[in-house]
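Read through the structure below, which is laid out as C-alpha cells, and then see the notes.
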Amino acid sequence: MFLKTGREDALLFVNLPSPLPHVRGSQSCLFCSSDFLFKFLVIGSAGTGKSCLLHQFIENKFKQDSNHTIGVEFGSKVVNVGGKTVKLQIWDTAGQERFRSVTRSYYRGAAGALLVYDITSRETYNALTNWLTDARTLASPSIVIILCGNKKDLEADREVTFLEASRFAQENELMFLETSALTGENVEEAFLKCARTILNKIESALDRGQSDPPGLKHFLFSSQDHVPRSLSPLLPEPHALSEQCAARPFGPRALGLWQTARLTVCSHGVFCRRSLPSARPPKPEAVTGPSQ
Ligand SMILES: Nc1nc2c(ncn2[C@@H]2O[C@H](COP(=O)(O)OP(=O)(O)OP(=O)(O)O)[C@@H](O)[C@H]2O)c(=O)[nH]1
C-alpha cells in the first residue's frame, strides 16, 4: 500500500507493495508483509540467559543445552504491535569479554535493546553500567532499552532485589522487567514492551510533523552494517528497488527519506536475494522522484 498525505508519506517506505513484482513467489521474505522492521540487540554479561531469552521468544521453549555464544547469533520474529506488523530482527550478542570488540560493531542502527543481568549474580548486575555506556555511545541516542533481570524462577538464589534494579532502571531511563527464559515469564512482554515504545516514539514524532525525526532512520531500517561480509556480494544494488519506488507517488517529504529507502533494499537483499533479478541502471527520475 502506498500513502500520499503528510504523515503517511513518511511511512511510505515501510508500506511497500506486497509482494513486490521482483520478489513475487518469495515466501521467505518476511519483510514484505511487515509495516516496520526493527533491529534489536540482546546485551549483557555471559551466562545471564540472553540466548535462552531469544530462543524462548522465538520458539516458545527453553533452550536446554545453551553454550556460550561465539560472536553473535541472529533470530527474527514478526509480531503485532498496536495493529501494526513489526518484524523484529534480533541480534544475540556474546557476553564474554573476549568478544566485546565484535559485539560493539553490532550496535549501529539498533532501535531497541534488551539489557540482561542475572538476578542470582551481583557481578552481572554490577556490569550493567559498562553495557549501558556501550549502548548509549555506540547505538543511536534514541535507542529504547529494557532492563531484564533474568532467572526470576531462581528466587532462592537471588542476589539482586527487584527494588534496587527498578531504581537503577529509573535513574537510567530504562524500562524494567524480571524475566525467566526457563518458564517464559515476561519474555514476550519484554520484547513487545520495547517494540511498543519504539513505535510510539515514531508515531508521536510523525504526529508532530517531523518527516525525518532524529533517529527515525535507525528505527525504520537497519543498514548493511550488520550484514555479514560473506553475504554482502549477494546483496542487490540499491537501485534494484529504487526503480520500483520511483514509479510510485512520492510526496516531497518522503523524498527526504530517500536514503532510507535505499537502505530498505539492503534489508530486502538479505531475505530475498535469491529472487531478485540482477540490478538495472537507475532511471534519472529515481533521483528526483515524480511530483504528486
Ligand atoms: N534457571 C534458569 N536458568 C537459565 C535461565 N536462562 C538461562 N539459564 C541458564 O543459564 C545458562 C546461560 O544461558 P545462556 O542463554 O547461554 O546465556 P548467555 O547470556 O547467552 O551467555 P553468553 O552467550 O556467554 O553471553 C544456561 O545454563 C541456561 O540454561 C532462566 O531463566 N532460568
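Counting convention: from 1, in listed order, for ligands and their atoms alike. Predicted, not measured: the structure shown is a model, and the values here were computed from it.
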Query raised in the report: Under a 4.0 Å N-O cut-off, is there an ion pair linking Glu155 with Arg158?
Result: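 Salt bridge between Glu155 and Arg158, a charged N being under 4.0 Å from a carboxylate O: yes.
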Query raised in the report: Quick one: do Glu188 and Lys193 make a salt bridge, cutoff under 4.0 Å?
Result: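 Salt bridge absent between Glu188 and Lys193.
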Query raised in the report: According to the salt bridge (charged side-chain N to carboxylate O under 4.0 Å, His left out) rule, which pairs have a member within residues 90-99, sequence neighbours left out?
Result: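 Pairs touching residues 90-99 that pass the test: Glu97-Arg100.
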Query raised in the report: Can you name the residues that form a side-chain hydrogen bond (donor to acceptor under 3.5 Å, both in side chains) with Glu185, not counting sequence neighbours?
Result: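 Checked Glu185 against side-chain hydrogen bond (donor to acceptor under 3.5 Å, both in side chains); matches are Lys152.
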Query raised in the report: For ligand 1, what is the set of protein residues having any non-hydrogen atom at a distance below 4.0 Å?
Result: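 Near ligand 1, by chain and number: Ser45, Ala46, Gly47, Thr48, Gly49, Lys50, Ser51, Cys52, Phe62, Ser66, Asn67, His68, Thr69, Ala94, Gly95, Asn150, Lys151, Asp153, Leu154, Ser180, Ala181, Leu182.
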Query raised in the report: In chain order, what residues pass the ring-ring contact (aromatic ring centres under 6.0 Å, His included) check against Tyr107, with sequence neighbours excluded?
Result: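 Expected list: none.
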Query raised in the report: For Thr69 and Ser51, does a side-chain donor sit closer than 3.5 Å to a side-chain acceptor?
Result: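 The answer is yes; a qualifying pair exists.
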